[in-house]
Amino acid sequence: MSATVDTHNHDDHDVHHHKETFVTKYIFSQDHKMIAKQYLITGVIVMGIIGILMSLMIRMQIAWPEQPNAVFQALLGKWAPEGVMDADIYLALVTIHGTIMVFFVLTAGLSGTFSNLLIPLQIGARDMASGFLNMVSYWLFFVSCVIMILSFFVEAGPAAAGWTVYPPLSALPMAQPGSGTGMTMWLVSMAIFIASSLLGSLNYIVTVLNLRTKGMSMTRMPLTIWAFFITAVIGVISFPVLLSAALLLIMDRSFGTSFFLSDIFIQGEVLHYQGGSPVLYEHLFWFLGHPEVYIVLLPALGITSEIIATNSRKPIFGYRAMILSILAIAFLSTIVWGHHMFVSGMNPFLGSVFTFTTLLIAIPSAVKAFNYITTLWKGNLQMNPAMLFSIGLVSTFITGGLTGIILGDSALDINVHDTYFVVAHFHLVMGISALYGVFAGVYHWFPKMFGRMMNKNLGYIHFWITAICAYGVFFPMHFIGMAGLPRRYYTNSNFPLFDDTANTQVVITVFALIAGVAQIIFLYNFFSSIFYGKKAEQNPWRSTTLEWTTPVKHLHGNWPGAIPHVYRWPYDYSKPGHDEDFVPQTVPMKEGEEELHH
């Protein structure tokens with residue numbers, strides 16, 4: 001059956017190939033490789049630049065509060081009269097920065113780029129199960145990005161209730177300037193984004209289950225594909241819950257319901273809302289919000305597995321343990337959401353249950369970390385930029401994860417909840433780790449995407465500045481957090497208690513600005529290499545997986561002839577009895593050769 005489908009697709013490609021216009025090839029493309037590039041440019045690069053610019057403005061405001069700043073005047077206009085940032089726009093920047101980085105860059109940008117590029121190529125499929133749904137998924141994402149950015153141009157400004165948009169700030173249009181039209185646009189944008197994410201996830205799941213080539217059993221799939229597959233499953237389970245929360249918020253805002261509102265007083269006047277509960281919203285939000293952390297992190301960990309094995313010239317250590325840990329993380333991620341709510345008046349017994357499940361998730365995470373370290377141990381390490389970022393990911397995953405043990409314990413969390421300690425924790429474990437995964441993936445699969453190599457030396461400079469500055473920013477934050485400094489305050493100058501932290505804030509901001517400038521090196525390397533980079537050979541990293549058996553020049557349908565069959569698992573590096581230090585999956589087993597599976 002599959003063989004007939006394959007040949008049909010191949011003939012199809014011959015018939016229609018020459019009719020491709022600019023629009024069908026670059027804009028409304030149904031080819032997974034082009035859609036991956038669209039996600040990369042829109043999600044990671046454009047939205048990434050906007051998100052990072054916002055974070056740098058946030059940092060400059062905290063380091064030098066109430067001082068005129070030409071950057072603010074140029075970028076914020078009426079919200080920075082004479083260059084002094086308005087308090088309302090500070091909250092809006094925090095809100096939109098968080099939303100863009102978590103959802104648009106690290107969810108859609110990371111999964112959209114690498115799931116689309118690698119799933120068909122690594123499992124041996126002509127394309128995704130539905131090219132049309134794939135295209136619709138990207139364009140819905142694009143529309144949601146546009147709506148989110150346009151919210152900056154409405155009269156009262158964009159949403160300003162924090163990226164978690166808790167009611168009542170988000171549910172009462174009159175609560176503050178950022179609760180008006182900007183908040184409505186945030187909700188509409190997120191609803192469209194969730195539709196895009198669900199279409200993408202369903203497509204990934206069906207492709208992995210149905211379109212694997214002959215011989216590609218589930219236990220012969222690269223760990224990248226396992227990670228993308230399970231990420232898609234988590235998305236399908238948890239994103240609809242956020243959609244329901246967003247729809248109920250829209251009802252509360254525009255149609256007079258009170259799902260999340262009760263006993264609200266504004267300037268001494270009682271509003272008519274009765275019987276709702278803002279804590280209900282917190283439950284709905286964090287039921288997505290915590291699995292979301294792993295939707296962001298798992299693809300990055302999958303990419304790291306592939307790159308560390310390839311560049312250690314060793315089989316990945318504990319292949320089956322790695323798959324089991326991905327499955328365990330997926331399951332546990334859906335029963336830990338309460339640890340975000342220890343200070344919401346939760347029953348202490350329920351708090352202890354969430355503490356238990358949260359600490360439990362440390363076990364599969366540790367399995368992954370130890371397996372990475374063991375794979376690196378005594379390997380023939382090829383220290384290219386992708387490998388450096390992968391090792392950097394292991395580092396931030398461990399350091400960020402350790403502080404999670406403190407925050408996951410209800411008794412300890414109460415002391416540092418909503419301080420900079422939390423900001424430091426999740427930026428390291430989720431933000432920086434996932435960004436390193438994006439960078440590693442781009443450096444590693446750039447030759448597959450664009451047929452050229454990126455400049456290695458610029459990659460090294462990019463890595464070292466980024467890695468040093470990332471710790472320079474988030475390491476000191478743990479200490480000002482333990483000193484009790486709350487997050488989301490646009491200035492701390494009114495609190496003599498926190499005067500001692502002012503110098504630390506300046507140091508953090510300087511590191512952040514240097515890190516921001518360092519990303520220009522990456523952008524230059526990326527765009528110049530697309531046009532002028534050294535031409536790539538077919539398998540530049542001497543890798544075993546299927547994507548490197550396709551021709552360098554892209555063609556619709558991926559392989560010019562029949563789809564190759566698979567005879568072995570994807571990590572046969574440095575296997576005794578073979579001339580080369582890697583054996584591609586398409587090489588048949590020799591007589592008496594044993595299949596490894598660790």
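Only a predicted model underlies this, so the values are computations on that prediction, with no experimental measurement involved.
Ring-centre distance between His462 and Phe439: below the 6.0 Å cut-off. For Phe193 and Trp186, the ring centers are positioned 6.0 Å apart or more.
Using a distance-only test at 3.5 Å, with no hydrogens or angles considered, no donor-acceptor pair links the side chain of Thr501 to the main chain of Ile480. Between the Thr107 side chain and the Val102 main chain, a donor and an acceptor come within less than 3.5 Å of each other. Side-chain atoms of Ser196 never come within 3.5 Å of backbone atoms of Leu140 as a donor-acceptor pair (strictly under, hydrogens ignored). Formation of a donor-acceptor pair under 3.5 Å by the Thr95 side chain with backbone atoms of Gly162 is found in this model. Judged purely by atom type and a 3.5 angstrom limit, Thr396 uses its side chain to pair as donor or acceptor with the backbone of Gly392. With hydrogens and angles disregarded, a donor-acceptor distance shorter than 3.5 Å links the side chain of Thr509 to the backbone of Arg59. The backbone N or O of Phe421 lies less than 3.5 Å from no partner atom in the side chain of His478, so there is not a single donor-acceptor pair.
If you run side chain to side chain contact (heavy atoms under 4.5 Å, CB included) between Tyr420 and each of His427, His425, Arg488, Met477, only Met477 comes through. For the side chain to side chain donor-acceptor pair (under 3.5 Å) with His340, the qualifying choice from Glu282, His417, His290 is His290, the only one to do so.
For the residue pair Ser395 / Tyr471, a side-chain donor-acceptor distance below 3.5 Å is found, with atom types taken as modelled.
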Hey, mind stepping through Phe397 and Leu297 against side chain to side chain contact (heavy atoms under 4.5 Å, CB included) and telling me if it holds? CA-CA 9 Å; Phe397 184 56; Leu297 202 50; 3.5 Å; yes
Does Gln519 form a side-chain hydrogen bond (donor to acceptor under 3.5 Å, both in side chains) with Thr466? I'd like the steps, not just the answer. CA-CA 8 Å; Gln519 305 319 305; Thr466 305; 3.2 Å; yes
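Ring geometry for Trp163 against Trp286 counts as perpendicular: the plane angle is over 60°, on a 0 to 90° scale with 30° as the lower cut. Taking the six-membered ring for Trp and thresholds of 30 and 60 degrees, Phe142 and Tyr138 have ring planes inclined between 30 and 60 degrees apart. Phe522 and Tyr443 have perpendicular rings, their planes meeting at more than 60° on a 0 to 90° scale where under 30° would count as parallel.
Here CZ of Phe114 is found 11.0 Å from OG1 of Thr224. Values are rounded to the nearest 0.5 Å. Between the CG atom of Leu242 and the CG atom of Leu288 there is a distance of 5.0 Å, given to the nearest 0.5 Å. Rounding to the nearest 0.5 Å gives a distance of 9.5 Å between OH of Tyr294 and CD1 of Ile234.
Applying the ring-ring contact (aromatic ring centres under 6.0 Å, His included) criterion to Phe354, with sequence neighbours excluded, gives Trp337.
Residue-environment remark: OH (Tyr489) stays at or below the threshold of 12 foreign heavy atoms within 6.0 Å.
The shortest non-hydrogen separation linking Asp413 to Leu407 is CB-O, 3.3 Å.
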Anything under 3.5 Å between a donor and an acceptor, one on a side chain of residues 69-85, the other on a protein residue two or more places apart or in another chain? List them.
from: Asn69; atom 1: OD1; to: Val71; atom 2: N; distance (Å): 2.8
from: Lys78; atom 1: NZ; to: Glu155; atom 2: O; distance (Å): 2.7
from: Lys78; atom 1: NZ; to: Glu155; atom 2: OE2; distance (Å): 3.4

